[in-house]
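We count ligands from 1, going down the list as the structure has it; atoms in each ligand are counted the same way. On a predicted model such as this, the values are computed, not experimentally measured, just so you know. By convention here, the first residue in the shown sequence is residue 1.
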Amino acid sequence: MSEENKPKEWSFKKNVAFTVLEEDRHADHKDDGCDATCGHGPGRHHTAHAETAEEEGRLVPNERVRSYRIEGMDCSSCAMTIENHLRMNPAVKQVRIHFATGKMQIEHDNTADDIVQEVKKAGYRATPIYPIGGAEVRQAGWRDPHQSMTVLSGVLLLFGYLGQFAGVSDDFRTLLYALSIIAGGYKPARSAFYAIKSRSLDMNVLMTTAAIGAACIGEWLEGATVVWLFAIGNMLQTRSMERTRNSIRGLMSAAPVEAWVKQGGLLVRKPIGELAIGSTIIVKPGEKIPLDGDVIDGQSAVNQAPITGESVPADKGAGDPVYAGTINESGALEIRVTKLAQDTAIARIVQMVEEAQEKKAPSQAFVDRFAAIYTPLVFGLAVLVMIVPPILLSEAWSEWLYKGLELLVIACPCALVISTPVAIVSAIGSAARNGVLIKGGASLEKAGQLTAIAFDKTGTLTTGKPRVVHTTVWEGNETDLLSIARTIEERSKHPIAAAIVRQAEERAAPVLVGANYNNFVGKGAGATIAEVEHFAGSPKLFEELGAGQGTWQTEAIAMQREGYTLVLVGTRERVMGMLAVADTARETTVEAIRGLKEVGIRHTVMLTGDNEGTARKIAGESGIDEYFPELLPEQKVGSIARLQQRGERVAMVGDGINDAPALAAADLGIAMGGAGTDTAMETADIVLMADHLEKLPYTVRISRQALRIIKQNVWFSLIVKIVALLLIFPGWLTLWMAVLSDTGAALLVILNSMRLLRKTH
Ligand code: ADP
Ligand code: MG
């Protein structure tokens, strides 16, 4: 795949749909377009931004593209048929249908009604999706009209079959079978007609041919059984697929559509779409929060599970952020709205999950390539089997026609083709409901293969809210020292800076006039105060500044051994004092590290810019095996590479803000706190919505289970095909068994994948 064909950077804005790159959409179903360049061997690292188009499902943003939900698709070949059918329409510029999510993205010049009609002709239902507040406004539930026809077909078949014991004439039974074939076969026949018209060879074509063929050779019972099994199998598949596709709809309906708005002393109920940023809303106890915002008044426990999967409600008070879709449990909250309805965390999650579900996993490449060769091959074989033995060897026509029809049915690779995408849609949907955003099949696969996980320390393993616990002054007084430190740190975003500012505020140390603010990543910060350069940072920073030897060094070393992080304050020449900062491992960290050991992650490693003593202390508290201290951000990248050289498959977990290089260097980048920060959501391969590690072991577990289920599905569907093929030639296979092996296998693959939906921890 060439550079030009790569999709543009992801855009996560609402209402931006995604389309297929025109030139290679055809490759979607025929061949993956995958060549040697898309190998995913070890050492191939990338961020979510740099994935190949193949992994992304060949999507580029385009404002004119609309989304539709398609119902009634029971196999991925149906998606192909609809696509091909629409593509023949001159008003349609480009179209892509994803079977597993049941979504169509299409760019067209005619009306939505025209599209709905076209899809209906081919036997399916399309519904335009209008995004409002991140939720999808759906029309009333659809009952597949073919369901009653399937039942009718079954009843006719049964009467015909039982008729032979009641002495019903053969002609009348044949009539019953014929009616049964018409009732159950009308829909596949119609779809087959459109498939042939658009020159695609889908399972409707193969099944229809088989049924007609069976009737032609006088096997009416067989023909009716084939049709009915196919119809009932498809009905069950459609039902289970709808349940899988609906798995994230629960998320979409999480946020209420109206809010109580404070307007000039009055409370008015308004649709959330009408609210502007800055509006004040009231959420009563027991209600769901309708929009993202900051609490301005009130105190409550908020159950954030719908977004973050957190088991414990979070305490919220003035200044804390709250998210749409979470549940206000105890007190009334007054909230200032910070996000429009379509930009809330939940709206973004829903959109990103749907995009993620459509991205192909690398393991699917094999299946797609296999299917692309397999179907034409078996189809060709079927034709040969029907013609060659009777003509050249003067064998009986009916026997070889029958075998040929069986081959036609077996040529459907349906179960195999859906074995991977259905499992991926289930796993990603299930993870989303547990507060874990997995950005595609490739990320899911990597998460399932991890052997080591590296963590950033501050804010990831620790609370991220360090406190100043000790102040040492060598020159001047404590207030002056804190004043200088505060002045420097007020411009820094580091959690340590926040701790220092808090301490200075508590001690009433005023801010001074500063200039030339400077940031030394991983070391500290500086500013010019009273025309002298001042610094606040690690002992390393002051050594580099050449602050010279002094008593400060001995005292600093002693403090560091005890596990304190030190911030020295001074100028280029002199160190004036030091602040000892302490941070502790969170409870959730300890639990998560233990959980990871249980799921079999061999190595946990801490990467930190902090000193050895602190690193050792936090590693001990949290149960981490190994730590690499005193690393600058770029050296963290080197440490990841070192772990990879040892043969580990490494994930890096960080806050996604100052750890971006390490997140990108790892095989898998995991960011946390996704609900709060947009950057975290966009840079990582996997995002934990909560601001802690509680769901990390779950993430590894569900990814591994997904890999296992995919493997089971692929082997199962391959073996069923092989067995069916082998049984044909001794004449042991019947046509209805062939249909059962196909439709039944597909159904079992779907049901097996749906086990992932139930996984919650
Ligand atoms: P971590 O790997 O623990 O997240 P960082 O790389 O963010 O650490 O920072 C490493 C060290 O650099 C800190 O432990 C601290 O000593 C120092 N440091 C970084 N930023 C600042 C700052 N704004 N003020 C003071 N010290 C800082
Ligand atoms: Mg950090």
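Using a 4.0 Å cut-off between charged side-chain N and carboxylate O, Glu334 and Lys316 make no salt bridge. By the 4.0 Å N-to-carboxylate-O rule, Asp610 lies close enough to Lys457 to be salt-bridged with it. Taking the charged nitrogens against the carboxylate oxygens, Asp292 and Arg336 have no contact shorter than 4.0 Å, which rules out a salt bridge. Under the 4.0 Å criterion applied to side-chain N and carboxylate O atoms, Glu598 and Arg594 are not assigned as salt-bridge partners.
Side-chain polar atoms of Glu648 and His603 form a donor-acceptor pair below 3.5 angstrom. Side-chain contact, His494 with Glu489: no donor N or O sits under 3.5 Å from an acceptor N or O.
Residue Asn519 has no nitrogen or oxygen atom sitting less than 3.5 Å from a nitrogen or oxygen atom of ligand 1, judged on distance alone. For ligand 1, the polar-atom distance check against Glu489 finds a nitrogen or oxygen pair separated by under 3.5 Å. An N or O contact shorter than 3.5 Å is missing between Leu631 and ligand 1 by distance. Between Ser538 and ligand 1, a contact under 3.5 Å exists for no N or O pair.
Residue Asp456 has at least one heavy-atom neighbour below 4.0 Å for each of these atoms of ligand 1: 1 (P), 2 (O), 4 (O). Counting atoms of ligand 1 from 1 in the listed order, those under 4.0 Å from a heavy atom of Ser492 are 23 (N). Those atoms of ligand 1 with a heavy atom of Thr565 less than 4.0 angstrom away are 14 (O), 16 (O). Those atoms of ligand 1 that come under 4.0 Å of a heavy atom in Thr458, given as number and element, are 1 (P), 3 (O), 4 (O). Atoms of ligand 1 lying under 4.0 Å from any heavy atom of Thr608, numbered from 1 in the order shown and given with element: 1 (P), 2 (O), 3 (O).
Within the set Gly609, Gly522, Ala525, Ala498, the minimum heavy-atom distance to atom 12 (O) of ligand 1 is found for Gly522. One option in Val521, Ile496, Leu541, Leu607 has a heavy atom closer to atom 13 (C) of ligand 1 than any other, and that option is Ile496.
Ligand 1 lies nowhere less than 4.0 angstrom from a heavy atom belonging to Lys493.
Test Arg646, Arg602, Arg642, Arg616 against Glu626 for salt bridge (charged side-chain N to carboxylate O under 4.0 Å, His left out) and you get one pass: Arg646. Checked options Thr589, Asp691, Asp583, Thr588; the residue passing with Thr463 is Asp583 (criterion: side chain to side chain donor-acceptor pair (under 3.5 Å)).
With a 4.0 Å heavy-atom cut-off, ligand 1 is reached by the backbone of Lys523 but not by any atom from C-beta on.
For the atom pair CD1 (Ile335) and CG (Asn328), the distance works out to 7.0 Å, reported to the nearest 0.5 Å.
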